[in-house]
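Only one structure is covered here, and it is reproduced in the block below.
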Number of protein chains: 2
Amino acid sequence: MDITEVAKASGLPASTLRFYEEKGLIQSNGRSGLRRLFSANVIERLALIALGRNAGFSLDEIAEMFTPDGPDINRALLLTKADELDKTIEELTAMRDGLRHAAVCKAPNHFECPKFLRLLRIAGKNRFRQPNRLKENKLKRGVKKT
Amino acid sequence: MDITEVAKASGLPASTLRFYEEKGLIQSNGRSGLRRLFSANVIERLALIALGRNAGFSLDEIAEMFTPDGPDINRALLLTKADELDKTIEELTAMRDGLRHAAVCKAPNHFECPKFLRLLRIAGKNRFRQPNRLKENKLKRGVKKT
DNA sequence: ACTTGACTTCAAGTCGACTTGAGCTTTTAT
DNA sequence: ATAAAAGCTCAAGTCGACTTGAAGTCAAGT
């Protein structure tokens, strides 16, 4: 497959595929002239990468998991991530409930509302920073460029 | 309070407080010489900001919510965010289960495991990018620096 | 023969949320 | 009186994951 086919099949722009190749996350098997040729299994690779990203792995972490030839995964790392996700899920759930409550809360000032204050305590507990690209959700396929 | 007191009380570095002030998220009420003076309620403001960040709001969005004098919150926006969180929670839950399964799965290749494939489908559905600072979790002193 | 358009490389730019550094001024302690 | 500590401003740097732009190469269609 050439890079455009992979792009179409994966939904990722060609630039990302080149970037991933440079990072060692995927590889092309040869060239036709200048052009990269990929074998079909790169699609599965990419799905696996997407999976990892969604689970909160960085590209570097994913690359590490791939290095022992083939996707033979570090099980301990997986379990650690699962635990982290548990914690995140718990926090987000509290946030969600808090938001829903805040939206209907009658208290003139949220600081007078016990439920809201409970929320604040949760927020206070976890002071990590979490950038929110979540909203973007841009499925920019590199198909039409113009 | 001076900036260091606020920093200690909030757990945020002074640089962040200046940055937030510049962004209009908090304000200092006057100066003592060069030095900013903050009133105590800035702490609550900061808690509210932390809350918003954890819920996935950007600083700009938080600033917007603050503009109609006082934290009088845009309820529709809150509900929208709550819905987004629902979706995110659902996805993360699937991921977590998938990770736990993958960690114990006997299939020599994950692509031969139906559960794993189900996971991949979920991953494929949501192609948003989610940077993972989650791992950092640096509680940059403030309270305690062991 | 020549243009087009898909592909290539490499460097630099982007985004959000801060942090860091340089070079001052002010306060506090000796 | 003086020097260190703490604040200040403003510009630039950082991080991760890509994207974009400039400039070049190459196969194909007219």
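Here is how names work: the chains are called A, B, and so on, in the same order as the sequence lines, proteins then strands, and each is numbered from 1.
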Show which side-chain atoms of residues 22-33 of chain A pair as donor or acceptor with protein atoms under 3.5 Å away, not counting sequence neighbours.
{"unit_1": "K23(A)", "atom_1": "NZ", "unit_2": "D60(A)", "atom_2": "OD1", "d": "2.9"}
{"unit_1": "S28(A)", "atom_1": "OG", "unit_2": "E21(A)", "atom_2": "OE2", "d": "2.4"}
{"unit_1": "R31(A)", "atom_1": "NH1", "unit_2": "L34(A)", "atom_2": "O", "d": "2.6"}

Less than 6.0 angstrom from the centroid, inside 45 degrees of the normal: does R45(A) satisfy that with respect to the ring of F66(A)?
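Yes - R45(A) lies over the ring of F66(A), closer than 6.0 Å to its centre and within 45° of its axis.
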Check if the side chain of R53(B) and the base of dA17(C) share a donor-acceptor pair of N or O atoms closer than 3.5 Å.
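By the distance-only test, no, there is no pair.
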Looking only at side-chain atoms of [X], point me to the closest of [options].
X: L34(B); options: dT25(C), dC18(C), dT19(D); answer: dT25(C)
X: T16(A); options: dT8(C), dC18(D), dC18(C); answer: dC18(D)
X: S15(B); options: dT26(C), dA17(D), dT19(C); answer: dT19(C)
X: L59(B); options: dC18(C), dT25(D), dC8(D); answer: dC18(C)
X: R35(B); options: dC8(D), dC18(D), dC18(C); answer: dC8(D)

If you look at every strand shown and take non-hydrogen atoms under 4.0 Å, does R36(A) touch a base, only sugar-phosphate, or nothing?
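Here R36(A) touches the backbone only, sparing every base.
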Please tell me which of G33(B) and D60(B) maps to the more 5' nucleotide of DNA chain C, matching each residue to the nucleotide holding its nearest heavy atom.
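Looking at DNA chain C, the more 5' nearest nucleotide goes with D60(B).
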Count the heavy atoms belonging to other residues, nucleotides or ligands that lie under 6.0 Å from CD of E5(B), then report whether that count exceeds 12.
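Check passes, neighbour count above 12.
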So does Y20(B) get a side-chain nitrogen or oxygen closer than 4.0 Å to the phosphate oxygens (OP1/OP2) of dC18(C)?
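So the side chain of Y20(B) is within the cut-off, an N or O lying under 4.0 Å from OP1 or OP2 of dC18(C).
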Could you check whether any side-chain N or O of T88(B) sits under 3.5 Å from a backbone N or O of E84(B), counting only pairs where one atom can act as donor and the other as acceptor?
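Such a contact is found between T88(B) side chain and E84(B) backbone.
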